[in-house]
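Just so it is clear: chains get the letters A, B, ... in the order the sequence lines come, proteins before strands, and each one is counted from 1.
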Number of protein chains: 2
Amino acid sequence: MNKSKHSKCPIAKVALLLSDPWTMLIIRDILNKKMRFGDLESSLESISTRTLTKKIKQLELEGIIEKTEHYYTITKKGSGLNTIIKSMSKYGQKYYK
Amino acid sequence: MNKSKHSKCPIAKVALLLSDPWTMLIIRDILNKKMRFGDLESSLESISTRTLTKKIKQLELEGIIEKTEHYYTITKKGSGLNTIIKSMSKYGQKYYK
DNA sequence: CAGGATCCCGCGGGATACTG
DNA sequence: CAGTATCCCGCGGGATCCTG
């Protein structure tokens, strides 16, 4: 994927942001309630420390989550992703349950 | 990512399905109108033949798109993804325009 | 407990050339 | 035009050990 292309298309940007299996799951968790590193680790059973660290850092840089005293919470921008998650959940319920 | 884990969670399934930057863009295109291979290739400027072929095949297997005489169209199951795309688009408009 | 640092492997995916 | 076939490289990400 070439990040410099499609730069005008907002969907491509979002698609790129969500283009790994973990990101949405992390956001969903933090959307529900503030979470510690270990909380996320045990919630996302099979994720490795390294990957979780990187995804978290990326989401912090994007301004989607933020950290306060070892707790991760959702930002305003991050909570906007809720509608996407909801529609994904609805779709998943219907076709992948 | 371990596909065998999180198998009960519908969101994880959808997240996994959409876990590359291209899939959503391909679906969006075909959602708008039936497209030929070359149409997709020129729409998604920087995609390679190989990748496009693989993504298409995967989406056919999932039952999200189907091919008829060199034209790709969306299925019932595939059109259900429209709400996800719409919310992604809305979010993108707001934060990544 | 919350990460950082290293090592290493697999495969996603680009480039290119070829075929029906 | 619509793919298929190879070749090959990068990096995403797991495992493991270390540190504040």
Rounded to the nearest Å, what distance is computed from the [atom1] atom of residue [X] to the [atom2] atom of nucleotide [N]?
X       : N      : atom1 : atom2 : result
A:Ile26 : D:dG13 : CD1   : P     : 10 Å
A:His70 : D:dG20 : NE2   : P     : 14 Å
B:Met35 : D:dC1  : CE    : C1'   : 15 Å
B:Ile56 : C:dG12 : CD1   : C1'   : 17 Å
A:Ile65 : C:dA2  : CD1   : P     : 14 Å
A:Asp20 : C:dC11 : CG    : P     : 18 Å
A:Phe37 : C:dC1  : CZ    : P     : 11 Å
B:Gln58 : C:dC11 : CD    : P     : 15 Å

(request) Side-chain contact test, heavy atoms from C-beta onward, threshold under 4.5 Å: evaluate it for A:Glu41 versus A:Ser48 and give yes or no. (result) no
(request) Would you sort out whether A:Ser79 and A:Asn82 count as a side chain to side chain donor-acceptor pair (under 3.5 Å), showing the intermediate values? (result) CA-CA 5 Å; A:Ser79 64; A:Asn82 200 15; over 6 Å; no
(message) Categorize B:Tyr72 for me: base, sugar-phosphate, or nothing, with a 4.0 angstrom heavy-atom threshold over every strand shown.
(response) sugar-phosphate
(request) Mind checking B:Thr49 for me? I need base, sugar-phosphate or nothing, with any heavy atom below 4.0 Å counting as a touch. (result) base
Proximity to the side chain of [X] - top-ranked nucleotide from [options]:
X       : options               : answer
A:Thr53 : D:dA2, C:dG4, D:dG13  : C:dG4
A:Lys67 : D:dG13, C:dG3, C:dG12 : C:dG3
A:Ser48 : D:dA2, D:dG14, C:dG3  : D:dG14
A:Arg50 : D:dT4, D:dG3, D:dA15  : D:dA15
B:Trp22 : C:dG12, C:dA2, C:dG14 : C:dG14

(request) Answer yes if the side chains of A:Glu62 and B:Tyr95 hold a donor-acceptor pair under 3.5 Å, and no otherwise. (result) no
(message) Going by side chain to side chain contact (heavy atoms under 4.5 Å, CB included), B:Arg36 matches just one of B:Lys67, B:Glu69, B:His70. Which one?
(response) B:His70
Does a nitrogen or oxygen in the side chain of [X] sit under 4.0 Å from OP1 or OP2 of [N]?
X       : N      : value
A:Lys55 : D:dG13 : yes
A:Thr51 : D:dG13 : no
A:Lys57 : C:dG4  : yes

(request) Under the side chain to side chain donor-acceptor pair (under 3.5 Å) rule, what do B:Asp29 and B:Ser43 come out as? Steps first, then yes or no, please. (result) CA-CA 8 Å; B:Asp29 282 346; B:Ser43 170; 2.7 Å; yes
